Trainee: 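Before anything else, here's the structure in question.
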Amino acid sequence: MRIEITRPDDWHLHLRDGDAMKSVLPHSARQFARAIVMPNLDPPVTSVDSAAAYRYRILSAIPPGVAFEPLMTLYLTDDTPPDEIRRAVESGFVRGVKLYPSGVTTQSDAGVTALEKCDAALSEMEKLGMPLLAHGEVRDPGVDVFDRESVFIETVLQPLLERHPALRVALEHITTKDAVDFVLSSGENLAATITAHHLLYNRNAIFEGGLRPHRYCLPLPKREIHRAALLGAATSGNPKFMLGTDSAPHGRRLKEADRGCAGCYTAHAALEFYAEAFESVGAIDRLEAFASFNGPDFYRLPRNTAKIALEKNDWTIPKTFSFGENEILIPLRAGEVLHWKRI
Ligand code: DOR
Ligand code: ZN
């Protein structure tokens, strides 16, 4: 079996920087025409100038002959000036502003402590149509880690959309039925990205046969009813749901450690993982809209025109990839057989 689809884009990607970036970028560039690049570097990408410099470093690392366009994001802080939003819109290469509630995940300490502090920047975004890309979790230690997304929706996102009814929001890497239902019941200014790993795994997977650090990511995967709701949403044909891998590489030593880092590395076989998830519910014919149409439509960018093909053909994922000079990366499903292959 073989399918041909319009070349897809990745609407949520961590490329890192320096030599580490050079190791992972070819994987994404091979599959995707464009990617929304997350700004959670150290230091974070908080200005248009630093986004321009980061974009240049990415463009310089693209393998010769490969067409790949990084779409840049700004890291929202309590102090982001509304003027910076205007400059971002005018730049033509900044396509979103990322909300990390302070302390919720990797490199989020400089993130937002209270969204009310960002009101002027958010009003400018609302006025100019610049999307807010939300890591939808609260950090409150009193909230159970598995409830952090649903509490965010109720206590942060809903009030935000009431204050800024025209703000365009991509709720990133959704993990719950609550998020699916909220997105469905909201206006067309609210969309969501869904990762391949949240379509394939529920929370049992993190503990299958022992603790599995390379399956650990944030937001955590949830119960099976939630995974099923995500798969239902992604394969429904509803244009509010789009592909965003959240491929988040960390070197092996930082993953297999006490206080190991959150992030699944999926860029090496992202489309194949999505194809497997879609096929599991007999919806492979819906993959193209999810992967190649819904994202550009939400971001108001042209759809790609080139085509790519996937084929049913068993192959084995490498056990490791190099990651910068001295580290290795353990990809999701390392050493396992996959049935779909990008050709
Ligand atoms: O698992 C995750 N990894 N979730 C995030 O929100 C951040 C990401 C990273 O940058 O490693
Ligand atoms: Zn992410």
Side-chain angles (χ1 to χ4, degrees), residues 9-18 20-21 23-25 27-28 32 35-45 54 70-76 95-112 131-139 145-146 148-149 152 156 169-176 179 192-201 203 205-206 211-222 230 242-257 259-267 270 273 295 323-324 327 329-332:
D9 306 297
D10 184 350
W11 299 96
H12 184 128
L13 176 65
H14 297 270
L15 278 179
R16 311 305 189 209
D17 209 347
M21 172 179 72
S23 303
V24 296
L25 178 59
H27 288 158
S28 292
F32 298 106
I36 285 274
V37 180
M38 288 297 128
N40 61 335
L41 303 182
D42 183 16
V45 180
Y54 184 29
L71 308 172
M72 308 311 291
T73 57
L74 291 192
Y75 186 114
L76 187 68
R95 297 293 180 179
V97 176
K98 180 71 192 265
L99 163 64
Y100 286 107
S102 178
V104 291
T105 188
T106 310
Q107 290 299 341
S108 61
D109 289 352
V112 172
L132 179 74
L133 319 182
H135 182 114
E137 290 193 290
V138 292
R139 182 190 58 162
V145 285
F146 291 101
R148 286 179 173 184
E149 183 174 282
F152 175 89
V156 182
V169 180
L171 186 55
E172 301 286 35
H173 41 52
I174 59 171
T175 61
T176 56
T193 56
I194 306 182
T195 77
H197 46 285
H198 289 109
L199 292 178
L200 292 171
Y201 295 124
R203 66 192 196 178
I206 309 169
L211 191 58
R212 308 286 292 262
H214 303 291
R215 293 180 179 181
Y216 167 56
C217 67
L218 289 172
L220 288 163
K222 308 294 189 301
L230 298 174
M242 56 197 175
L243 184 157
T245 63
D246 197 16
S247 179
H250 294 276
R252 180 181 193 157
R253 278 183 295 229
L254 289 176
K255 290 289 289 174
E256 298 177 7
R259 304 184 191 209
C261 293
C264 293
Y265 185 67
T266 55
F273 290 143
F323 189 52
E327 252 301 5
L329 188 58
I330 310 292
L332 195 75

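Because the structure is a prediction, the values reported are computed rather than measured. Both counts, for ligands and for their atoms, begin at 1 and track the order of listing.
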Trainee: Just which atoms of ligand 1 are under 4.0 Å from any heavy atom in Cys217?
Mentor: 1 (O)

Trainee: Below 4.0 angstrom from a heavy atom of Ala248, which ligand 1 atoms are there? Numbered from 1 as shown, please.
Mentor: 3 (N), 8 (C), 9 (C), 11 (O)

Trainee: Please walk me through it: do Thr106 and Asn40 pass side chain to side chain donor-acceptor pair (under 3.5 Å)?
Mentor: CA-CA 7 Å; Thr106 310; Asn40 61 335; 5.2 Å; no

Trainee: Taking non-hydrogen atoms only, is His12 closer than 4.0 angstrom to ligand 1 via side chain, backbone, both or neither?
Mentor: neither

Trainee: Can you see which heavy atom on Cys264 is nearest to which on His197, and at what distance?
Mentor: SG-CD2, 3.8 Å

Trainee: Within 45° of the axis and under 6.0 Å from the centre of the six-membered ring of Tyr201, does NZ or CZ of Arg215 qualify?
Mentor: yes

Trainee: One residue to check: His250. Relative to ligand 1, which of side chain, backbone, both or neither has a non-hydrogen atom less than 4.0 Å away?
Mentor: side chain

Trainee: Hey, is Glu327 close enough to Arg252 for a salt bridge, meaning N to O under 4.0 Å?
Mentor: no

Trainee: For ligand 1, which part of Val104 has a heavy atom less than 4.0 Å away: the side chain, the backbone, both, or neither?
Mentor: neither

Trainee: Might you point out which heavy atoms bring Ser108 and Tyr100 nearest each other, and give the distance in Å?
Mentor: CB-CB, 3.9 Å

Trainee: Would one find an N, O or S atom of His14, in either backbone or side chain, under 2.8 Å from the Zn ion (ligand 2)?
Mentor: yes

Trainee: Does Lys98 reach ligand 1, in the sense of a heavy atom lying below 4.0 Å from it?
Mentor: no

Trainee: For atom 1 (O) of ligand 1, what is the nearest protein heavy atom, given as residue, atom name and distance?
Mentor: Leu218 N, 2.9 Å

Trainee: Just to confirm my output: which protein heavy-atom neighbour is closest to atom 10 (O) of ligand 1, and how far is it?
Mentor: Asn40 ND2, 2.9 Å

Trainee: Work out which heavy atom in Phe152 is nearest to a heavy atom in Val138; give both atom names and the distance.
Mentor: CA-CG1, 3.7 Å

Trainee: For the Zn ion (ligand 2), what is the closest N, O or S atom on Asp246?
Mentor: OD1

Trainee: In terms of residue, atom name and distance, what is the protein heavy atom nearest to atom 5 (C) of ligand 1?
Mentor: Thr105 OG1, 3.0 Å

Trainee: For atom 3 (N) of ligand 1, what is the closest protein heavy atom, and at what distance to 0.1 Å?
Mentor: Ala262 O, 3.0 Å

Trainee: For ligand 1 and Thr106, I'd like to know whether there is a polar contact (N/O to N/O, distance under 3.5 Å).
Mentor: yes

Trainee: When you compare the side chains of Tyr265 and His27, does any donor N or O come within less than 3.5 Å of an acceptor on the partner?
Mentor: yes

Trainee: Going by side chain to side chain donor-acceptor pair (under 3.5 Å), Thr176 matches just one of Glu149, His198, Arg148. Which one?
Mentor: Glu149

Trainee: Number the atoms of ligand 1 from 1 as they appear, then name those within less than 4.0 Å of a heavy atom of Arg16, with their elements.
Mentor: 9 (C), 10 (O), 11 (O)

Trainee: Going through the distances and angles, do Thr175 and Lys222 end up as a side chain to side chain donor-acceptor pair (under 3.5 Å)?
Mentor: CA-CA 6 Å; Thr175 61; Lys222 308 294 189 301; 2.8 Å; yes

Trainee: Taking heavy atoms and a distance under 4.0 Å, where does His135 meet ligand 1: side chain, backbone, both or neither?
Mentor: side chain

Trainee: For a quick test of reading the model, state the closest non-hydrogen atom pair linking Leu41 to Asp17 and the distance between them.
Mentor: CD1-OD2, 3.7 Å

Trainee: Give yes or no for whether the N/O distance cutoff of 3.5 Å, strictly under, is met between Gly263 and ligand 1.
Mentor: yes

Trainee: Which of parallel (below 30°), tilted (30 to 60°) and perpendicular (above 60°) describes His173 and His135?
Mentor: perpendicular

Trainee: Look at the N, O or S atoms of His173, main chain and side chain alike, and state whether any lies under 2.8 Å from the Zn ion (ligand 2).
Mentor: no

